[in-house]
Amino acid sequence: MKQHNTEALRQQDAAHHLHPFSDMQSLNQQGARVITHADGIYLWDSEGNKIIDGMAGLWCVNIGYGRKDLPEVAKKQMEELAYYNTFFKTTHPAVVELSTLLNEVAPQGFSHVFYTNSGSESVDTMMRMVRRYWDVQGKPQKKTLIGRWNGYHGSTIGGASLGGMTYMHEQGDLPIPGVVHVEQPWWYKHGKDMTPDEFGLQAARWVEEKILEIGADKVAAFVGEPIQGAGGVIIPPATYWPEVERICRKYDVLLVADEVICGFGRTGEWFGHQTLGFRPDIFTTAKGLSSGYLPIGAVFVGDRVAEGLLAGGDFNHGFTYSGHPVAAAVAQANVRALRDEGIVERVKNETGPYMQKRWRETFGNFAHVDDIRGVGLIQAFTLVKDRSKRELFPDWGEMGMKCRDIFFRNNLIMRACGDHIVSAPPLVISKEEIDKMLDVAARCVETFEKEVLF
Ligand SMILES: Cc1ncc(COP(=O)(O)O)c(CNc2cccc(C(=O)O)c2)c1O
């Protein structure tokens with residue numbers, strides 16, 4: 001294994017590299033952790049530590065690290081055709097084959113995909129697409145998009161506006177006009193004395209109220225993650241999405257699922273909307289499409305919208321690397337493997353149910369852990385002050401960071417979203433590896449409760 005000079009790398013990194021979502025001052029004081037290679041569900045850092053990656057990178061390495069086939073596919077494609085665009089009446093075999101495969105794994109009625117380089121670009125593409133769709137329908141005033149507070153849809157001006165993270169809106173004078181938000185379907189905080197099912201209908205009614213407030217004739221789409229990821233794995237009650245779909249149909253508002261995290265097997269189905277029981281008009285993807293081996297995103301366009309768009313002639317939108325040959329070839333091999341190696345199937349029938357059972361067993365008896373939840377291989381719990389009253393800690397996020405740091409020190413990567421502790425490991429995780437991950441996690445939470453709370 002190649003040796004690395006951690007100190008030298010840290011200094012050069014501090015001198016030249018601006019990290020995303022980071023306070024560079026504090027990062028440079030402690031120095032970044034240098035990840036040098038990975039295999040399966042494991043990472044290794046430059047100090048030789050072996051780390052369990054309970055987050056699949058950033059929710060994206062669905063196929064697991066260290067595949068030998070994907071680099072081979074990339075090499076072959078790069079030697080054959082490293083790049084050509086799909087703009088001016090041209091295409092190439094890699095993007096045609098990927099599009100055909102995606103049509104096979106997508107639900108019925110999603111015959112067309114539009115390619116991007118990231119989840120944010122998929123979201124921005126969708127935003128322009130839905131507005132263009134209504135233009136072509138002769139309803140150009142239907143251009144407002146509704147998102148949710150604490151939803152996450154990326155970091156571009158469109159995606160960050162549609163997302164409901166106010167700390168992002170404060171930087172860059174967001175949201176842009178024509179984007180509004182409703183409260184998120186977080187029963188634990190907003191459900192008061194309603195049952196989850198009653199609250200799901202209430203939260204859906206917030207969407208109807210917003211549509212009526214704006215005027216249905218001005219609303220283009222409602223956009224949501226089937227399960228909010230970066231917002232803390234907020235799983236809506238079962239009644240929420242079917243009711244939101246009914247409302248969108250009633251007012252002829254397009255329904256968009258942002259599947260960047262939930263897509264490609266994360267929830268046990270190919271796409272999260274299938275698990276949560278609704279049918280969108282469009283859905284956005286990235287991450288698991290290539291398992292992070294190369295950057296690529298795709299917008300799955302439902303037939304109604306695709307026909308509406310095609311009727312309008314040129315859709316003046318796209319990127320230099322839309323459908324990039326090497327990214328497309330790797331994505332195709334990745335999706336084929338997720339399907340043909342039965343990985344999605346196993347999440348649904350074996351490792352997903354096993355994780356959900358063990359996750360609840362592991363964290364069920366801690367005094368300050370509540371709302372233990374998850375489906376497939378996306379799960380979370382919330383650190384709370386008083387379980388009996390569903391009372392959260394006062395300084396939201398402080399406890400989450402302390403707990404996350406204990407995981408980090410114990411070579412386990414889990415994510416703190418506020419005081420939610422979340423996990424989304426590679427979909428190839430085995431039952432034995434789930435046990436191992438949860439043994440470490442349990443010890444860390446014990447330490448957290450002893451050291452931090454008492
Ligand atoms: C639902 C959703 N939509 C869009 C994006 C944007 O994708 P790109 O990053 O590829 O532009 C995301 C991305 N989600 C994301 C990205 C980076 C960090 C974290 C975190 O939870 O810390 C989450 C996402 O989760």
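Whatever order the structure lists ligands and atoms in, that order sets their numbers, starting from 1. Side chains included, hydrogens not; waters and symmetry mates left out as well; all remaining heavy atoms used.
Side-chain atoms of H4 do not come within 3.5 Å of backbone N or O of T6 as any donor-acceptor pair. For the pair R360 (side chain) and G374 (backbone), a donor-acceptor distance under 3.5 Å is present.
In terms of protein heavy-atom proximity, atom 18 (C) of ligand 1 is closest to L58 CD2, 3.7 Å. Here the heavy atom of the protein found nearest to atom 20 (C) of ligand 1 is R415 NE, 3.1 Å. In terms of protein heavy atoms, atom 4 (C) of ligand 1 is closest to H153 C, 3.5 Å. Counting only heavy atoms of the protein, atom 3 (N) of ligand 1 lies nearest to D258 OD2, 2.7 Å. Nearest non-hydrogen protein atom to atom 16 (C) of ligand 1 is K287 NZ, 3.4 Å. Of all protein heavy atoms, the one closest to atom 7 (O) of ligand 1 is G119 CA, 3.2 Å. Atom 23 (C) of ligand 1 has as its closest protein heavy atom W59 NE1, 3.6 Å.
The ring pair (Phe, Tyr, Trp, His ring centres under 6.0 Å) test with W206 is passed by exactly one of W149, W186, Y240, F199: F199.
Ring orientation note: the planes of H273 and F110 are tilted relative to one another, at an angle of 30° to 60°. In this pair, F315 and H317 present their aromatic rings tilted. The plane angle is within the 30 to 60° band. Aromatic ring orientation, W359 versus F381: tilted (interplanar angle from 30° to 60°). H420 and W396 have perpendicular rings, their planes meeting at more than 60° on a 0 to 90° scale where under 30° would count as parallel.
Each of the following atoms of ligand 1 lies closer than 4.0 Å to a heavy atom of S118: 10 (O), 11 (O). Residue-ligand proximity, E225 to ligand 1, at heavy-atom distances under 4.0 Å covers atoms 1 (C). For ligand 1, the atoms closer than 4.0 angstrom to any heavy atom of A230 are 21 (O). Listed by number with element, the atoms of ligand 1 under 4.0 angstrom from any heavy atom of G154 are 4 (C), 5 (C), 6 (C).
Evaluated by nearest non-hydrogen atom to atom 25 (O) of ligand 1, the leading choice among I261, T285, V233, I227 is I261.
With a 4.0 Å cut-off on non-hydrogen atoms, F21 does not touch ligand 1 at all. Neither the backbone nor the side chain of A286 comes within 4.0 Å of ligand 1, counting heavy atoms alone.
A salt bridge between E213 and K210 is present, with a side-chain N of the basic residue lying under 4.0 Å from a carboxylate O of the acidic one. Taking a cutoff of 4.0 Å between a charged side-chain nitrogen and a carboxylate oxygen, E398 and K402 qualify as a salt bridge.
Residues W270 and P107 form no side-chain contact, since every pair of their non-hydrogen atoms from C-beta on lies 4.5 Å or further apart.
By the 3.5 Å distance cut-off applied to N or O atoms, S120 is counted among the residues near ligand 1. Among the atoms of E121, none of the N or O lies under 3.5 angstrom from an N or O of ligand 1.
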